[in-house]
Structure formats: C-alpha cells, structure tokens
Visitor: 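The structure follows.
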Amino acid sequence: MRREFMRLKTTRTCARSIAFAVAFAVSVPLAPVSATAAVTKAETMSNRKIIADAFDKWTKGHGEVFNLLAPNAVLVIPGTGPSAGTWNGREQFLTQVAKPFLSRFSEPPLPIVRGIFAEGDTVVVHFDANAVRRDKQPYSNSYAWIFQMSGGLVTRLTMYYDLPAFDAVKAQVPASAETAGGEYRGAPGAVPGASDEADKQEIRRLATEWLEYGWRHLPTDPAFNFRERLGKFYDWDASGVYLFDDFDQKKRVARSPAEYGAIWDEALKGIVFSNRIEPVEDIVISGNLASAPVYYNITLDMGDRMMNGRILSMVVWHRTPAGWKIIREQGSGLSMTSTPKKK
C-alpha cells in the first residue's frame, strides 16, 4: 500500500509540474519582456504553424520535430534525476538522449496534442504520448515543450514531462547496441571521481537554471528575494567567497551569499527582468573546483525605460556533498542599451 501511495504521489506531483508549466506559459509573457516587441503577429503565427505542422506529421508517424532544431540549439530537461540536463547542440542531444530512448520501443511514441500556444518567438505545445516498449509493456507520458524560434528553426527547446516514467523505461529496457554507447547516464552531482564530461553536463544544467529561473523577476512574482530564488546555487558555508557584478552601482564585493543577497534584494526592488543564457563552453574542472565563462542576455523593465544587455559572468563552482555550489562570481556588462518607453 505504501509503495502504491508513493507511486500515486509521484505521478500527481509530476502532473502538477506539467500543468504549472502550461498554465505559467499562457498566463504570463512567453518570452523575455522585450522579445515580443521585435516579433510581428505574422511571425508569431508562422512560428505556430511550423510547430503545428511538425506535430501533425509526427502524429502520422513521421518524426519531424527534431528536424527543426538549429545545429547549435540549446536543449533543456529541467528537474532532478538521471535524465535532467542541458545539451548544447542538436547532434549532442540526439546522440545522448533521443536516439537511445527511442530505440527502446517497438512502437515509438506518437503525440496527442492538447493545445498549442504562441506569443512572439515562443511556442508552447502541451501533448500526451503513448507507445509500446520492446518488452511489450505500454508507455504513456504527458509533456509541455517550450520552443524558442528564430528564422523558422528552433534555437532552444525546454522539455517538461514526467521524469520518473521516462527514467523507468531507461532502467527497465536496454537501449539498442547501436545507440547505447553514446547515451547520457545522468549528472552525478557530488559523486567523487565522476567523469569530467558528466560534471560539465551538470555545470551547464545548473548555469541555465541559475540564470533563467533564479535570476528572474516577472510581473506576477512576489518581491524579489535572493535567498528564496537563488540560495540553493551558492555555497553558504564556504570561506574565500567573492561575488561581484558591475550592475551594482556601488561596486561592492560581497564575501558571502548573505552579503550578495542583501545587495540585490535592495537594488532589484520593483524591477522586472529575465535572462537568456548562451551555450556554456570552455568549462575547466580540477578536483572539486569548476570554472566557466557564462555569457547571457538580460532584459530589464525599469519602469520608464527598457534595458537590454549582454553580460559575461566568470563563475567558480565548488563541489560539496549537496552538489556544485557557486563560490566566486564576477559579472561584467559587455554591452547595454536603454530605450525610453512610449507614453
């Protein structure tokens, strides 16, 4: 009975996460706060049609969706567990995730589309999928995929779904011999001796979540609170912490996450902002330390004006029993534009 209760609890939790992703997508702007201004209604409808046509072909057995990925597309599976991660490039994702997973089915998953929502350069598809595994067992899942479009191609795809159901297939049905060698085995977090490549995957995942979900304040959000939104990404117990971003007008260097949080809780009052990370490359790992240059694009609604910029943060992570945590951060604005709002 306890096992069945926990299964139901996990399923309901995952269902709520997917429902929240869909509800969030249709209740607030789907793109950063300035993105929709640069995309015409015709472009929005064109983006929607491209994705809708691809899903229509998929329902008929022709997998067209991944063909829309730009070669350097960023793909994200949010969450925790062995399948969550971030992939920089279409081929990396296909080799490590899509091909090994699909090889486990005698009848591959086909979508049942529940809704398609579009705004600006972003398209969200809510769908279910059913399939038959190679061991003859049924598979079903519910998905919310968020497509970021540019020039008719997908430059970013964020995929929400029931991760336990996905992981169960991987655990119970082996991938084909042709695809198993390249399969992503999951980010090991704080496991000593893990391979550099797996650690790099985890750093990319954390950097994406840190910037795009932590450093974000939407119009519907409560007052920005650093510890609530970003506390889990920083090492609150470490010594030798240095945290700095030149957006701080007073140019203060914080020696702890608590000091850093106090700066931003005050500086970001009433400001609406969002970030879009660029592919994270040149990660260097040595023992329990990792460093990477993290480029991202920021949009801020300052009330009377919109600001858009490109930022470089040099970040150092420390491996702890709870996973990789930030101990050093230096953010520098590479460019920034300010546009007054029309009255």
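Residues take their numbers from the sequence shown, with the count starting at 1. Owing to the predicted nature of the structure, the values given are computational and were not obtained by experimental measurement. Note: hydrogens, waters and symmetry copies are ignored here, and every other heavy atom, side chains too, is used.
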Visitor: Does one hydrophobic cluster hold both V97 and V74, with members joined at side-chain heavy-atom distances below 4.5 Å?
Guide: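 Different clusters.
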Visitor: To the nearest 0.5 Å, how far apart are CG in L211 and CG in L206?
Guide: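 Nearest 0.5 Å value for the CG-CG distance: 11.0 Å.
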Visitor: Parallel, tilted or perpendicular: which fits the ring planes of F224 and W215, with parallel below 30° and perpendicular above 60°?
Guide: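 Parallel.
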Visitor: Could you point out which residue of W58, F127, F166, Y160 forms a ring-ring contact (aromatic ring centres under 6.0 Å, His included) with Y143?
Guide: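 Looking at W58, F127, F166, Y160, the match for Y143 under the ring-ring contact (aromatic ring centres under 6.0 Å, His included) is F127.
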Visitor: Within a strict 4.5 Å, meaning less than it, do heavy atoms of the R319 and D199 side chains meet?
Guide: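 A side-chain contact exists here, since the closest heavy-atom pair is under 4.5 Å.
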Visitor: If every non-hydrogen atom of R104 is compared with every non-hydrogen atom of V173, which pair is closest and at what distance?
Guide: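 Looking at all heavy atoms of both residues, the shortest contact is NE-O, 2.5 Å.
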Visitor: Under the rule for salt bridge (charged side-chain N to carboxylate O under 4.0 Å, His left out), what residues qualify as partners of E266, not counting sequence neighbours?
Guide: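 So E266 forms a salt bridge (charged side-chain N to carboxylate O under 4.0 Å, His left out) with K269.
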Visitor: Identify whether the distance between the nearest side-chain nitrogen and carboxylate oxygen of R310 and E278 falls below 4.0 Å.
Guide: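 Salt bridge present between R310 and E278.
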Visitor: So does V241 get a backbone contact from the side chain of R255, meaning a donor-acceptor N/O pair under 3.5 Å?
Guide: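 Between the backbone of V241 and the side chain of R255 there is a qualifying donor-acceptor contact (under 3.5 Å).
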Visitor: Mind listing the closest non-hydrogen atom pair of R305 and P340 along with its distance?
Guide: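 Nearest heavy atoms, R305 then P340: CB-CA, 4.0 Å.
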Visitor: Determine, using the 4.5 Å side-chain heavy-atom cutoff (strictly less than), whether V124 and L153 are members of one ILVMFWY cluster.
Guide: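 Result: no, two separate clusters.
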Visitor: With a 3.5 Å distance limit and no angle check, can you tell me whether D56 reaches the backbone of A52 through a side-chain donor-acceptor pair?
Guide: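 A pair under 3.5 Å: no.
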Visitor: Within the 4.5 Å heavy-atom criterion, are S83 and K170 side-chain neighbours or not?
Guide: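 Touching, per the 4.5 Å side-chain cut-off.
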Visitor: If the test is side chain to side chain contact (heavy atoms under 4.5 Å, CB included), which one of Y213, Y296, W210 qualifies with N275?
Guide: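 With N275 as partner, Y213, Y296, W210 yield a single side chain to side chain contact (heavy atoms under 4.5 Å, CB included), made by Y296.
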Visitor: Could you check whether any side-chain heavy atom of I203 comes within less than 4.5 Å of a side-chain heavy atom of V315, counting everything from C-beta outward?
Guide: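 No; the side chains remain at least 4.5 Å from each other.
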Visitor: Considering non-hydrogen atoms only, spot the tightest contact between P293 and L312 and give its length.
Guide: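 Shortest heavy-atom contact: CB-CD1, 3.8 Å.
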Visitor: Nearest 0.5 Å, what's the CG-CG distance between L75 and L157?
Guide: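 It comes to 5.0 Å.
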Visitor: Please report the closest heavy-atom contact between T158 and P78, naming both atoms and the distance.
Guide: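 So the two residues come closest at CG2-CG, 3.6 Å.
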Visitor: Measure the NZ-CD1 distance between K200 and I285 for me, rounded to the nearest 0.5 Å.
Guide: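 Separation between the atoms: 6.0 Å.
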Visitor: Under the 3.5 angstrom rule, does the side chain of T44 hit a backbone N or O of T40 as a donor-acceptor pair?
Guide: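 Yes, because the side chain of T44 sits within donor-acceptor range (under 3.5 Å) of the backbone of T40.
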Visitor: Taking D246 for its side chain and G333 for its backbone only, find out whether a donor-acceptor pair lies under 3.5 Å.
Guide: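 Present.
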Visitor: Evaluate side chain to side chain contact (heavy atoms under 4.5 Å, CB included) for M149 paired with I50, printing each intermediate quantity in order.
Guide: CA-CA 10 Å; M149 307 288 292; I50 289 169; 4.1 Å; yes
Visitor: Kindly compute the distance separating CE (M307) from CG (L300), expressed to the nearest 0.5 Å.
Guide: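 If I round to the nearest 0.5 Å, the distance is 6.5 Å.
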Visitor: Counting distance only, does the side-chain N/O of Y161 pair as donor-acceptor with the main-chain N or O of D128 below 3.5 Å?
Guide: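 No; judged by distance alone, with no hydrogens or angles, the pair does not exist.
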Visitor: Are V284 and V316 grouped together when hydrophobic residues (ILVMFWY) are joined by side-chain heavy atoms under 4.5 angstrom apart?
Guide: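 Different clusters.
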Visitor: Do I112 and V125 sit in one hydrophobic cluster, given that two such residues count as connected whenever their side-chain heavy atoms are within less than 4.5 Å of each other, even indirectly?
Guide: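 In one cluster with I112: V125, no.
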Visitor: Are more than 12 heavy atoms from other residues, nucleotides or ligands located less than 6.0 Å from atom NZ of K136?
Guide: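 Open: at most 12 neighbouring heavy atoms sit under 6.0 Å from NZ of K136.
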Visitor: Should D121 and R156 count as side-chain neighbours, where that means a heavy-atom distance under 4.5 Å?
Guide: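 Sidechains of R156 and D121: no contact.
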Visitor: Could you go step by step and tell me if T86 and V76 meet the side chain to side chain contact (heavy atoms under 4.5 Å, CB included) rule?
Guide: CA-CA 4 Å; T86 299; V76 182; 4.1 Å; yes
Visitor: Do H318 side-chain atoms and A290 backbone N/O form a donor-acceptor pair below 3.5 Å?
Guide: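 No, H318 side chain to A290 backbone: no donor-acceptor pair under 3.5 Å.
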Visitor: State which residue, out of I116, I51, N47, fulfils the side chain to side chain contact (heavy atoms under 4.5 Å, CB included) condition with F147.
Guide: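 When side chain to side chain contact (heavy atoms under 4.5 Å, CB included) is applied between F147 and each of I116, I51, N47, only I51 qualifies.
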Visitor: Just by distance, with hydrogens left out, do Q172 and Q137 show a side-chain donor and acceptor under 3.5 Å apart?
Guide: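 Short answer, no.
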Visitor: Are M306 and T299 close enough, and set up right, to give a side chain to side chain contact (heavy atoms under 4.5 Å, CB included), and what steps lead you there?
Guide: CA-CA 7 Å; M306 299 296 298; T299 300; 4.0 Å; yes
Visitor: On a heavy-atom basis, which atom in G231 and which in W236 lie closest, and how many Å separate them?
Guide: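 For G231 versus W236, the nearest heavy atoms are O-NE1, 2.8 Å.
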Visitor: First locate atom OG of S338, then atom CG of N308, and finally report the distance between them rounded to the nearest 0.5 Å.
Guide: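 The OG atom of S338 sits 9.0 Å away from the CG atom of N308.
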Visitor: Is there a donor-acceptor contact under 3.5 Å from the side chain of N141 to the main chain of D162?
Guide: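 Yes, N141 side chain to D162 backbone: donor-acceptor pair under 3.5 Å.
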Visitor: Any heavy-atom pair between the side chains of W264 and F247 that's under 4.5 Å?
Guide: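 Result yes, sub-4.5 Å side-chain heavy-atom pair found.
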Visitor: State whether the side chain of D265 and the backbone N or O of F226 hold a donor-acceptor pair below 3.5 Å, judged by distance alone.
Guide: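 Indeed, once roles are kept as given, a pair shorter than 3.5 Å links the two residues.
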Visitor: With heavy-atom distances below 4.5 Å as the criterion, would you say the side chains of I326 and L243 are in contact?
Guide: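 Yes, at least one pair of side-chain atoms sits under 4.5 Å.
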Visitor: Tell me whether T208 contacts the main-chain N or O of R204 through its side chain, where contact means a donor paired with an acceptor under 3.5 Å.
Guide: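 Checked: pair present.
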Visitor: When you measure from the centre of the six-membered ring of W324, is the NZ or CZ of R205 under 6.0 Å away and within 45° of the axis?
Guide: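 No.
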Visitor: As a quick check of understanding, evaluate side chain to side chain contact (heavy atoms under 4.5 Å, CB included) for D304 and K341, giving each step before the final call.
Guide: CA-CA 6 Å; D304 61 339; K341 287 185 176 180; over 6 Å; no
Visitor: With sequence neighbours left out, write down each residue that passes salt bridge (charged side-chain N to carboxylate O under 4.0 Å, His left out) with D53, or none if nothing qualifies.
Guide: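 Testing D53 for salt bridge (charged side-chain N to carboxylate O under 4.0 Å, His left out), a comparison that skips the adjacent residues, returns K49.
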Visitor: Determine the interplanar angle of the F101 and F105 rings, folded into 0 to 90°, and report it as parallel if under 30°, tilted if 30 to 60°, perpendicular if over 60°.
Guide: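 Perpendicular.
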Visitor: When you group the ILVMFWY residues by side-chain heavy-atom contacts below 4.5 Å and let the links chain together, are M314 and Y295 in the same group?
Guide: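 As far as the 4.5 Å side-chain criterion goes, M314 and Y295 are connected within one cluster.
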Visitor: With side chains defined as the heavy atoms from C-beta onward, is the minimum distance between Q201 and Q92 less than 4.5 Å?
Guide: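 In short, these two side chains touch, coming nearer than 4.5 Å.
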Visitor: Drop me the distance from W87's CH2 to L69's CG, to the nearest 0.5 angstrom.
Guide: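 One finds 13.0 Å between CH2 of W87 and CG of L69.
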Visitor: Is it true that D221 and R216 make a salt bridge, defined as a side-chain N closer than 4.0 Å to a carboxylate O?
Guide: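 Looking at D221 and R216, the cut-off is not met.
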Visitor: State yes or no: are the ring centers of Y234 and W317 separated by less than 6.0 Å?
Guide: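 No, too far apart.
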Visitor: List the atom of S103, the atom of S176, and the distance in Å for their closest heavy-atom pair.
Guide: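 In terms of heavy atoms, the two residues are closest at OG-N, 3.0 Å.
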Visitor: Could you tell me if the side chain of T179 sits less than 4.5 Å from the side chain of L102, heavy atoms only?
Guide: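 Heavy-atom side-chain distance check fails, nothing below 4.5 Å.
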Visitor: Hydrophobic clusters join Ile, Leu, Val, Met, Phe, Trp and Tyr when side-chain heavy atoms are under 4.5 Å apart, directly or via other members; which others share one with Y242?
Guide: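 Y242 shares its hydrophobic cluster with F244, V253.
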Visitor: Tell me whether S313 contacts the main-chain N or O of V294 through its side chain, where contact means a donor paired with an acceptor under 3.5 Å.
Guide: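 Between the backbone of V294 and the side chain of S313 there is no qualifying donor-acceptor contact (under 3.5 Å).
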